[in-house]
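Here's the structure we're looking at; comments come further down.
Just so we're on the same page: letters track the sequence lines, and every chain starts at 1.
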There are 2 protein chains.
Amino acid sequence: MVARYELIADDLRNEIVSGALPVGSQLPSEAELAERHGAARGTVRQAVAVLAAEGLVGSRQGARRIVLGRARSQSFGELHSFAQWARANGYRFGGQVITQRRRAASAAESARLGPGEVLEVLRLRSLEGEPVLLERTVYAEWVAAAVERIPADCESVTEALYDSIGLVFAYGEHLIDAVSAGAEDARLLGVRRGSPLLRQRRVTTTHEGRPVESSDDRYRAGSVTFSIRNSIGANPLVRQAGDLRSGR
Amino acid sequence: MVARYELIADDLRNEIVSGALPVGSQLPSEAELAERHGAARGTVRQAVAVLAAEGLVGSRQGARRIVLGRARSQSFGELHSFAQWARANGYRFGGQVITQRRRAASAAESARLGPGEVLEVLRLRSLEGEPVLLERTVYAEWVAAAVERIPADCESVTEALYDSIGLVFAYGEHLIDAVSAGAEDARLLGVRRGSPLLRQRRVTTTHEGRPVESSDDRYRAGSVTFSIRNSIGANPLVRQAGDLRSGR
DNA sequence: TAGTGGTCTAGACCACGGT
DNA sequence: CCGTGGTCTAGACCACTAA
């Protein structure tokens with residue numbers, strides 16, 4: 001069942017992506033869109049809210065909406081899963097488990113994932129034949145067994161876990177910064193020690209808010225970029241200070 | 001004039017931040033919230049949509065909404081403006097123009113900012129007394145004169161431009177990656193050449209979609225982190241590949 | 001001042017989750 | 001099965017922009 005407002009949003013998005021509504025141009029008014037699609041105004045507003053959330057259009061009270069950009073945002077799955085992202089963008093990609101072991105959870109890990117044992121997995125992912133990403137992932141005890149059953153060269157861990165135990169990654173928190181490559185990072189990614197890496201730390205939970213995994217992912221510099229489009233009134237991304245003040 | 005749904009959202013947000021609604025707990029149903037505030041259900045849905053956009057609550061059809069986190073997202077202004085962010089978080093901060101000059105726009109700059117001259121400014125920003133951010137900003141010709149009137153040690157360029165010509169930065173696109181410090185970066189930020197920097201490139205426009213500036217901001221590693229909370233169905237952040245394939 | 005988007009209401013039906 | 005959130009309607013009034 002596809003919602004009416006999704007169809008209207010698709011329609012408008014196609015006009016933007018195709019260039020029929022160029023960047024900087026005005027969208028039709030809500031009244032006109034409502035008449036064109038035979039829908040109520042509220043439904044049209046839901047549709048343009050989708051486009052606004054994608055960063056494609058902006059709006060201000062009293063004036064027509066304008067087109068801000070043509071790039072289509074990808075889904076949560078594509079941010080969460082390297083495989084889903086790479087596939088959606090037509091890249092050749094691969095993955096290989098380097099090491100995998102169970103151990104007791106540290107205090108910090110207990111706080112994030114719950115008490116007990118954790119499963120620590122080191123995975124190297126490649127894009128277009130080159131190693132680009134080193135994932136150090138810690139899984140909560142309740143998914144550890146399912147993760148251990150996954151082949152070492154599995155393309156998509158996310159999909160494997162969905163197929164095997166119906167696990168859906170629903171919410172994530174991500175911290176993005178830059179770090180120096182350590183000895184292991186450098187060896188596996190094929191860069192010099194101390195060279196820059198883009199780091200994405202994340203904690204992911206299920207629909208119910210149950211923590212699944214905590215990960216430290218490091219990208220070779222130049223291999224990927226994170227992109228965000230925002231506006232006054234929208235605030236998806238936040239800047240946080242590091243360890244600047246004494247006592248922190 | 002504060003909207004009704006904003007008041008309801010504030011109310012719920014306070015309960016979350018104060019811990020009255022702990023992380024993982026369920027929100028009251030829409031019907032109950034509507035009755036409690038004497039509002040229609042649609043208004044209540046607007047309120048919880050605000051919290052969902054902030055990443056504080058998640059929802060799924062058929063089940064109660066749950067609390068995902070307590071951290072309050074900051075505003076667009078705080079992502080856009082170093083000064084607004086630093087002030088909102090209680091940091092001591094400063095800024096100093098290093099160099100500033102007018103020149104002809106390159107082809108890429110003309111495409112982003114419009115044709116003609118541009119004003120190129122190199123600014124060093126400090127946090128808690130330490131240099132942490134080097135901004136290389138290129139302003140469009142129509143704001144160049146106003147920027148040139150700003151004192152070299154101005155704390156907040158964003159606010160200065162609002163006060164002087166009423167300019168409001170409304171929309172921004174940001175690209176985040178990691179790079180090596182060049183000679184100039186290293187000297188001004190007080191790090192070694194080749195050490196990692198977190199880079200944020202951005203293009204900002206007015207409400208009308210008119211481009212104002214394009215900037216390359218580089219943070220010393222460890223000084224700041226970007227944070228994002230997302231969910232299935234929300235997609236503020238996007239990953240993009242770099243220069244991996246031949247011919248790109 | 002006319003047109004536009006922002007807010008709000010009161011109701012309806014449906015899809016899904018949990019019991 | 002009931003309660004929940006998701007979708008949709010038809011209308012109203014207001015705040016703001018632009019001519």
To the side chain of B:R60, which of C:dT4, C:dG17, D:dG5 is closest?
C:dG17
Candidates C:dT7, C:dA10, D:dT7 - which lies nearest the side chain of B:A3:
C:dT7
Please tell me if [X] has a side-chain N or O lying less than 4.0 Å from either OP1 or OP2 of [N].
X     : N      : answer
A:R41 : D:dC13 : no
B:S59 : D:dG6  : yes
A:R45 : C:dG6  : yes
B:R65 : C:dG17 : no

Distance, rounded to the nearest Å, where [X] contributes [atom1] and [N] contributes [atom2]:
X      : N      : atom1 : atom2 : result
A:Q26  : C:dG3  : CD    : P     : 15 Å
B:Y5   : C:dC8  : OH    : P     : 7 Å
B:Q61  : C:dC14 : CD    : C1'   : 8 Å
B:L33  : D:dT4  : CG    : C1'   : 12 Å
B:E30  : D:dT4  : CD    : P     : 10 Å
A:R64  : C:dG3  : CZ    : C1'   : 8 Å
B:H37  : C:dT9  : NE2   : C1'   : 17 Å
B:E208 : D:dA18 : CD    : C1'   : 11 Å

Yes or no on side-chain hydrogen bond (donor to acceptor under 3.5 Å, both in side chains) for B:R4 and B:T43, after CA distance, side-chain angles and deciding distance?
CA-CA 7 Å; B:R4 187 81 166 274; B:T43 307; over 6 Å; no
Is there a donor in the side chain of A:S215 and an acceptor in the side chain of A:E213, or the other way round, less than 3.5 Å apart?
no
Stepwise side chain to side chain contact (heavy atoms under 4.5 Å, CB included) check, B:N89 with B:W85
CA-CA 6 Å; B:N89 288 277; B:W85 164 73; 3.2 Å; yes
Side-chain touch A:T225/B:I176, heavy atoms, less than 4.5 angstrom:
no
With nearest nucleotide decided by heavy atoms, which residue, A:R4 or A:G62, maps closer to the 5′ end of DNA chain D?
A:R4
I'd like to know whether A:T205 forms a side-chain hydrogen bond (donor to acceptor under 3.5 Å, both in side chains) with A:R210, so could you lay out the CA-CA distance, the side-chain angles of the two residues, the decisive distance to 0.1 Å, and finally the verdict.
CA-CA 5 Å; A:T205 71; A:R210 174 135 90 138; over 6 Å; no
